[in-house]
Amino acid sequence: MADGSNGKPKTELLDQLEKGPWPSFVKEIKSACETSDAPKDLLGQLELSYKEKKGHWKHGGLVGVLGYGGGVIGRYSDIPEQFPKVAHFHTMRINHPAGWFYTSDALRTICDIWERHGSGLTNMHGSTGDIILLGTTTDQLEPTFQELANAGFDLGGSGSDLRTPSCCVGQARCEWACYDTMKLCYDLTMNYQDELHRPAFAYKFKIKMAGCPNDCVASIARADCSVIGTWKDDIQVDEGEVAKYAAGGLDIQKEVCSLCPSKCMEWDGKKLAIENHECVRCMHCINVMPKALRPGKERGAVVLLGAKAPIMQGALLSSVLIPFVPADEIEETLKELFTRIWEFWDEYGRSRERVGELIQRVGMSAFLEGIGLDPAPEMVSAPRDNPYIYFQNVEGGDK
Ligand code: HEM
Ligand code: HEM
Ligand code: SF4
Ligand code: SF4
């Protein structure tokens with residue numbers, strides 16, 4: 001690639017992406033050129049990819065740190081003669097603090113370490129949650145890992161292991177959190193360090209925790225196990241605040257009651273009535289009137305299982321496994337549940353078969369029996385509409 005006049009690669013296509021109001025990643029990469037050589041070659045290779053409309057990373061790459069089987073994603077340029085500084089360009093996943101709360105001290109520590117050992121480029125954060133340190137060479141992996149470990153940071157997950165769990169900000173900043181998402185996230189992460197660092201599963205397994213059904217970490221779509229806060233008793237209503245919303249011009253009938261999916265609310269101009277036994281805890285009314293309504297007092301979570309992206313058998317959202325676990329029992333329940341699920345998955349899961357696909361293949365009833373759970377009506381949105389029902393032979397039954 002021809003060098004530009006200032007020693008930087010000529011990047012006519014990428015330069016166009018410095019225009020416009022949104023923060024430009026091209027500007028960021030250019031500014032990272034001040035502390036490292038790799039970003040320059042990264043820009044060069046990316047410009048070439050823009051021109052040719054194809055990637056220039058080799059297939060795969062197996063690197064890591066001693067003692068761990070995951071956490072680093074190896075990557076090599078397929079044109080290293082042209083871009084030697086990104087000949088190796090490995091990514092390190094660093095386990096983020098629950099809820100992504102940092103002190104500037106913590107961030108400075110990470111930045112200093114990464115400027116010494118890597119490209120200076122990051123992704124804050126990877127979709128699973130990790131801090132992504134983007135681009136270093138194989139010989140720098142151990143020293144970076146050592147320094148990070150000394151500063152209190154560990155690698156996150158990758159490969160067929162428990163991936164880095166993540167959660168919404170929960171009780172730290174949200175009045176709707178029905179349990180302490182950050183504590184649960186941290187505790188599970190610590191409890192399953194072995195499963196996280198040393199891949200032992202048939203495939204990946206992700207856990208995400210949301211404090212309420214708004215699901216701000218998208219746990220229902222992006223985690224094999226989704227833990228979503230909910231409540232059992234009545235929505236808490238502050239009549240005075242409801243009146244203030246009405247006085248402030250909110251059309252409660254139109255904006256709240258008519259949009260309630262179970263049509264269990266009524267507003268007569270003075271009093272808001274909620275048939276709580278019909279409420280499906282969709283959060284809509286609470287979202288619209290946060291000062292007047294809040295989740296009930298008997299709080300806990302629903303545990304769902306099976307979400308995944310399309311490959312192989314099609315995309316899945318998690319589906320209900322345990323309709324309600326009281327807040328103070330969530331952690332113990334999950335630990336017991338994971339023991340059983342992982343055992344069943346170890347035994348029957350095919351290589352690279354997600355838990356959601358395993359359930360589809362063996363059937364929910366076999367899966368439930370395998371992990372020792374009873375079927376519950378909350379597990380289905382509708383009963384089956386075909387008659388291909390399998391009955392188990394019972395002793396003394398029809399032969
Ligand atoms: C559990 C499996 C099956 C179900 C639920 C099923 C159901 C049906 C139904 C609902 C009809 C239409 C009846 C009508 O409109 O009067 C039908 C027709 C028919 N089925 Fe089945 N069937 C099954 C298996 C089979 C099998 C295994 C065969 C052949 C190997 C078969 C051959 C036929 C034939 C030839 C017709 C008549 C089609 C016609 O006259 O247009 N069915 N079946
Ligand atoms: C020449 C045509 C067919 C052949 C050779 C054939 C063969 C078979 C065989 C060997 C089985 C497995 C039986 C077992 O494992 O117990 C089976 C099951 C089945 N077949 Fe067919 N089949 C034919 C046509 C059809 C047709 C046309 C239909 C539907 C319209 C059909 C519906 C089914 C169903 C629903 C089962 C599963 C039954 C169960 O789960 O117990 N088959 N078939
Ligand atoms: S998921 Fe619910 S509890 Fe968590 S941050 Fe979002 S609204 Fe708040
Ligand atoms: S949470 Fe949803 S279902 Fe329940 S009363 Fe409010 S709007 Fe209706």
Side-chain angles (χ1 to χ4, degrees), residues 178 205-208 210 212-215 218-235 258-265 274-285 296 298 300-326 329-330 333-334 336-338 340-341 343-345 347-350 353-399:
C178 294
F205 190 90
K206 299 178 181 173
I207 311 171
K208 283 190 166 52
C212 82
N214 283 332
D215 198 4
S219 69
I220 200 168
R222 310 191 305 149
D224 298 79
C225 180
S226 326
V227 186
I228 300 181
T230 186
W231 63 97
K232 252 189 152 169
D233 52 347
D234 293 354
I235 291 177
S258 316
L259 296 178
C260 168
S262 46
K263 299 279 176 285
C264 66
M265 312 182 83
I274 306 176
E275 287 292 345
N276 278 282
H277 63 276
E278 305 245 307
C279 164
V280 294
R281 284 103 176 117
C282 78
M283 292 297 293
H284 172 69
C285 57
E298 198 184 339
V302 46
V303 179
L304 305 94
L305 202 68
K308 56 175 280 293
I311 289 170
M312 297 292 291
Q313 308 289 336
L316 293 173
L317 297 177
S318 286
S319 53
V320 173
L321 195 65
I322 309 179
F324 188 83
V325 188
E329 294 171 23
I330 300 174
T333 306
L334 285 176
E336 176 64 32
L337 191 67
F338 290 150
R340 298 186 195 184
I341 292 174
E343 205 172 288
F344 187 82
W345 188 33
E347 186 74 15
Y348 299 103
R350 290 178 175 160
E353 182 177 54
R354 293 285 282 272
V355 167
E357 283 173 352
L358 169 69
I359 296 173
Q360 284 193 317
R361 180 165 59 82
V362 304
M364 188 52 122
S365 56
F367 180 76
L368 288 177
E369 197 179 313
I371 64 166
L373 271 190
D374 286 333
E378 291 91 338
M379 290 175 181
V380 294
S381 54
R384 67 194 304 153
D385 57 8
N386 69 56
Y388 306 133
I389 299 168
Y390 178 76
F391 293 96
Q392 235 167 359
N393 268 329
V394 289
E395 223 170 307
D398 240 339
K399 292 274 155 64

Enquirer: Are Ile341 and Asp224 packed together at the side-chain level, in the sense that at least one heavy-atom pair is separated by less than 4.5 angstrom?
Expert: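 No, every pair of side-chain atoms sits at 4.5 Å or beyond.
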Enquirer: Return the CD1 to OG distance between Ile359 and Ser365, rounded to the nearest 0.5 Å.
Expert: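 One gets 11.0 Å once the value is rounded to the nearest 0.5 Å.
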Enquirer: For the side chain of Trp231 and the backbone of Cys212, is there at least one donor-acceptor N/O pair under 3.5 Å apart?
Expert: no
Enquirer: Is the number of heavy atoms from other residues, nucleotides or ligands under 6.0 Å of Glu343 CD greater than 12?
Expert: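 Counting other residues, nucleotides and ligands, CD of Glu343 stays at 12 neighbours or fewer.
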Enquirer: Could you tell me whether a side-chain N or O of Thr230 sits under 3.5 Å from a main-chain N or O of Phe324, the two making a donor and an acceptor?
Expert: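 No: the side chain of Thr230 does not pair with the backbone of Phe324.
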Enquirer: Shortest non-hydrogen contact from His277 to Glu275?
Expert: CE1-OE1, 2.9 Å
Enquirer: Does some side-chain heavy atom of Leu337 sit less than 4.5 Å from a side-chain heavy atom of Leu305?
Expert: no
Enquirer: Looking at side-chain heavy atoms only, is the closest gap between Leu321 and Leu304 below 4.5 Å?
Expert: no
Enquirer: Quick check: does any side chain N or O of Lys206 sit under 3.5 Å from a backbone N or O of Cys225, one acting as donor and the other as acceptor?
Expert: no
Enquirer: Can you tell whether the side chains of Arg361 and Glu357 come within less than 4.0 Å, N to carboxylate O?
Expert: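 Judged by the 4.0 Å cut-off on N to carboxylate O distance, Arg361 and Glu357 do not form a salt bridge.
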Enquirer: How far does NZ of Lys308 sit from CZ of Phe205, to the nearest 0.5 angstrom?
Expert: 14.0 Å
Enquirer: Measure the spacing between CD of Gln313 and CG of Leu358 and express it to the nearest 0.5 Å.
Expert: 11.5 Å
Enquirer: Check whether Asp233 reaches the backbone of Glu298 with its side chain - one donor and one acceptor, N or O, closer than 3.5 Å.
Expert: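 Indeed, once roles are kept as given, a pair shorter than 3.5 Å links the two residues.
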Enquirer: Indicate the ring-plane relationship of Phe344 and Phe367, choosing parallel, tilted or perpendicular according to the 30° and 60° boundaries.
Expert: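 Aromatic pair Phe344/Phe367 classed perpendicular.
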Enquirer: Distance check, rounded to the nearest 0.5 Å: Met265 atom CE versus Asn276 atom CG?
Expert: 8.5 Å
Enquirer: Just checking Ile311: does its CD1 atom have more than 12 heavy atoms from other residues, nucleotides or ligands closer to it than 6.0 angstrom?
Expert: no
Enquirer: Within the distance-only criterion (no hydrogens, no angle test), does the side chain of Ser226 pair as donor or acceptor with the backbone N or O of Ser219 below 3.5 angstrom?
Expert: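 Side chain of Ser226 to backbone of Ser219: a pair is present.
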Enquirer: Quick one: does Met379's side chain get under 4.5 Å of Leu368's, heavy atoms only?
Expert: yes
Enquirer: Should Gln360 and Leu316 count as side-chain neighbours, where that means a heavy-atom distance under 4.5 Å?
Expert: yes
Enquirer: Would a 4.5 Å heavy-atom cut-off, applied to side chains only, mark Asp234 and Ile274 as touching?
Expert: no
Enquirer: Are any of the side-chain heavy atoms of Gln392 and Glu369 separated by less than 4.5 Å?
Expert: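 Result yes, sub-4.5 Å side-chain heavy-atom pair found.
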Enquirer: Mind listing the closest non-hydrogen atom pair of Pro261 and Val280 along with its distance?
Expert: CG-CG2, 4.0 Å
Enquirer: Under the 3.5 angstrom rule, does the side chain of Arg281 hit a backbone N or O of Lys232 as a donor-acceptor pair?
Expert: yes
Enquirer: What are the two closest heavy atoms between Ala223 and Ser318, and how far apart are they?
Expert: O-OG, 3.1 Å
